Amino acid sequence: ENFQNTTYRMAPARGGTLFNVPSMRQMVERAFGEYKPSKFYINDNGNIRDPFRAIKNQFANEKEFLLDQDRHTKALKKALLKCDVFIFTLGLTEAWKFIGTNEYISVSPWKVDPLLIESENISLTKNIEELSKLITTYIKYKPDIKIILTLSPIPLNKTFDKKRHVVEASNFSKSVLRCAIDAVEKKFPKVVSYFPAFETVMYGTEKPWDIDMRHVSNEAVKRVM
C-alpha cells in the first residue's frame, strides 16, 4: 500500500501527532521505561482508545489495549535507539492535562470527561524544562544521539485563550517555542541544532501557503527540504 494512504503519514511510530512538548517528553520517557501512563481510557462507542496516542486504534477490552500499549512501548524503544538523528517539530503551547496526574494529552480532548482534565498554556520556562528533560533522557540511553529541532509554521485555527484572538494566540505560541528552542540549543550545544524551517516558510518562499491559507504549500515543503 502506498505510504501516503496509510495512517503512518500523519501518525509516525503509531503515536500520532504530538503537538505539545510534554507529550513528546512522555513518549521518550515511556520508551525507556521512565514513565508508565496512568490507566485513562477513552470510551468510543464501547471500544477503548488511548488518550496519549492521537491515532484511531480502537480496542475491544482492557487486555487488548494493554497488550498493544506494551508492544508499542517496546517498538518505540527500538526505534529511538536505532536513530542517529532525531527531528522534533514543535507545534504549540496550548495543552490539556489530566487533573491530579499532570499527564498531557497530545491533542484537544475528544470524548474525555471534562471533569478529568484542565487546560494549560505552557510557559517559556516550562517548555525549556520539558525539552531539557526529554533531551537528558534520550542522551542517557543513547549518548551519541543528535537532535534537530524545528518549529511548525502552521498557525492555530482555534484557541482556549479567552484574552487573545486566535491570530495573536498563534503568534504567542510560536514565539514561546522559538525561544525555548534557542535556550536548549545553547544548553546542549553538542547534541541539539535548530533548522529554520519556520523562517524558510514564513520569509523565504514566494508562495508559502496552500489554498486554505493555513497549511504549507508543496512549493514551501520543497524549499524546506
Side-chain angles (χ1 to χ4, degrees), residues 8-32 34-35 52-54 76-95 97 104-107 120-156 169-205 208 214-217 220-225:
Y8 286 94
R9 180 178 180 273
M10 291 302 293
R14 300 299 287 162
T17 306
L18 305 176
F19 287 103
N20 59 72
V21 175
S23 287
M24 297 178 180
R25 186 262 304 158
Q26 287 174 179
M27 178 198 73
V28 172
E29 289 184 343
R30 176 164 67 88
F32 294 120
E34 300 214 357
Y35 160 69
F52 302 111
R53 293 166 65 192
L76 268 180
K77 181 178 181 179
K78 182 179 179 181
L80 292 179
L81 288 175
K82 189 177 181 180
C83 281
D84 294 316
V85 179
F86 203 98
I87 302 172
F88 282 108
T89 298
L90 277 57
L92 46 88
T93 58
E94 297 189 16
K97 63 183 179 180
Y104 287 80
I105 304 172
S106 172
V107 296
E120 179 183 354
N121 203 344
I122 304 168
S123 69
L124 172 59
T125 300
K126 187 163 182 176
N127 272 296
I128 294 170
E129 290 174 353
E130 291 284 347
L131 270 173
S132 297
K133 287 179 184 177
L134 182 158
I135 295 163
T136 300
T137 299
Y138 210 152
I139 294 171
K140 178 180 175 181
Y141 294 93
K142 190 173 175 65
D144 60 342
I145 189 65
K146 302 298 181 186
I147 296 174
I148 296 175
L149 295 177
T150 69
L151 178 62
S152 169
I154 300 174
L156 280 68
S170 183
N171 189 49
F172 174 82
S173 190
K174 302 299 182 182
S175 299
V176 166
L177 292 175
R178 182 64 189 89
C179 290
I181 291 171
D182 188 67
V184 297
E185 186 182 19
K186 291 174 181 175
K187 188 175 181 179
F188 301 93
K190 295 182 179 180
V191 178
V192 177
S193 298
Y194 175 67
F195 179 76
F198 177 89
E199 290 83 355
T200 302
V201 172
M202 297 295 288
Y203 313 115
T205 307
R214 180 169 177 262
H215 289 91
V216 177
S217 67
V221 172
K222 290 177 182 178
R223 177 85 166 149
V224 168
M225 297 309 294

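As the structure is a computational prediction, the values presented were derived from the model and not from experiment.
For Lys97 (side chain) and Glu120 (main-chain N/O), no donor-acceptor pair under 3.5 Å exists by modelled atom type. Between the side chain of Asn20 and the backbone N or O of Asn121, no donor-acceptor pair lies under 3.5 Å. Proximity of a side-chain donor or acceptor of Lys77 to a complementary backbone N or O of Arg30 within less than 3.5 Å is not detected. Although no hydrogens or angles enter the test, the distance criterion places no donor-acceptor pair under 3.5 Å between the side chain of Lys146 and the main chain of Val85. Judged purely by atom type and a 3.5 angstrom limit, Gln26 uses its side chain to pair as donor or acceptor with the backbone of Tyr104. In this structure a side-chain-to-backbone donor-acceptor pair under 3.5 Å is present from Arg214 to Pro155. In this structure a side-chain-to-backbone donor-acceptor pair under 3.5 Å is missing from Lys187 to Asp182. Side chain of Ser173 to backbone of Ala169: no donor-acceptor contact under 3.5 angstrom is found. Between the side chain of Ser217 and the backbone N or O of Pro208 there is at least one donor-acceptor pair closer than 3.5 Å.
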Take Ile139 and Phe188 through the test side-chain contact (heavy atoms from CB on, under 4.5 Å) and record every step on the way to the result. CA-CA 10 Å; Ile139 294 171; Phe188 301 93; 4.1 Å; yes
Can Val28 and Phe88 be said to form a side-chain contact (heavy atoms from CB on, under 4.5 Å), step by step? CA-CA 11 Å; Val28 172; Phe88 282 108; 4.1 Å; yes
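Side-chain contact check for Thr89 and Ser152: no donor-acceptor pair (N or O, by modelled atom type) lies under 3.5 Å. Glu34 and Tyr141 share a donor-acceptor pair across their side chains, judged by distance under 3.5 Å alone.
When every heavy atom of Ile128 is checked against every heavy atom of Ala180, the shortest pair comes out as CG1-CA, 3.8 Å. In terms of heavy-atom proximity, Leu81 sits nearest to Lys142 at O-NZ, 3.1 Å. Across Leu18 and Met24, no two heavy atoms sit closer than the pair O-CE, 3.3 Å.
Put simply, the side chain of Leu151 reaches to within 4.5 Å of the side chain of Tyr194, judged on heavy atoms. In this structure, the side chains of Ile122 and Val21 stay at 4.5 Å or more apart for every pair of heavy atoms. Within the 4.5 Å cutoff, the side chain of Glu185 has no heavy atoms near those of the Ile147 side chain. At least one side-chain heavy atom of Thr125 sits less than 4.5 Å from a side-chain heavy atom of Glu129. Using a 4.5 Å heavy-atom threshold, the side chains of Phe198 and Leu177 count as separate. Considering only heavy atoms from C-beta on, Leu80 comes within 4.5 Å of Phe32 through its side chain. Side-chain contact between Thr205 and Val224: absent, with no pair of heavy atoms (C-beta onward) separated by less than 4.5 Å.
Counting non-hydrogen atoms of neighbouring residues, nucleotides and ligands closer than 6.0 angstrom, the NZ atom of Lys126 exceeds 12 such neighbours.
If you take CD on Glu29 and CG on Leu134, they are separated by 8.0 Å, rounding to the nearest 0.5 Å. How far OG of Ser132 is from CZ of Arg25: 12.0 Å, rounded to the nearest 0.5 Å. Distance check: Ile181 CD1 to Leu90 CG gives 4.5 Å after rounding to the nearest 0.5 Å. With rounding to the nearest 0.5 angstrom, the OG1 atom of Thr93 is 13.0 Å from the CZ atom of Phe19.
With sequence neighbours excluded, the residues satisfying salt bridge (charged side-chain N to carboxylate O under 4.0 Å, His left out) with Arg178 are Glu199.
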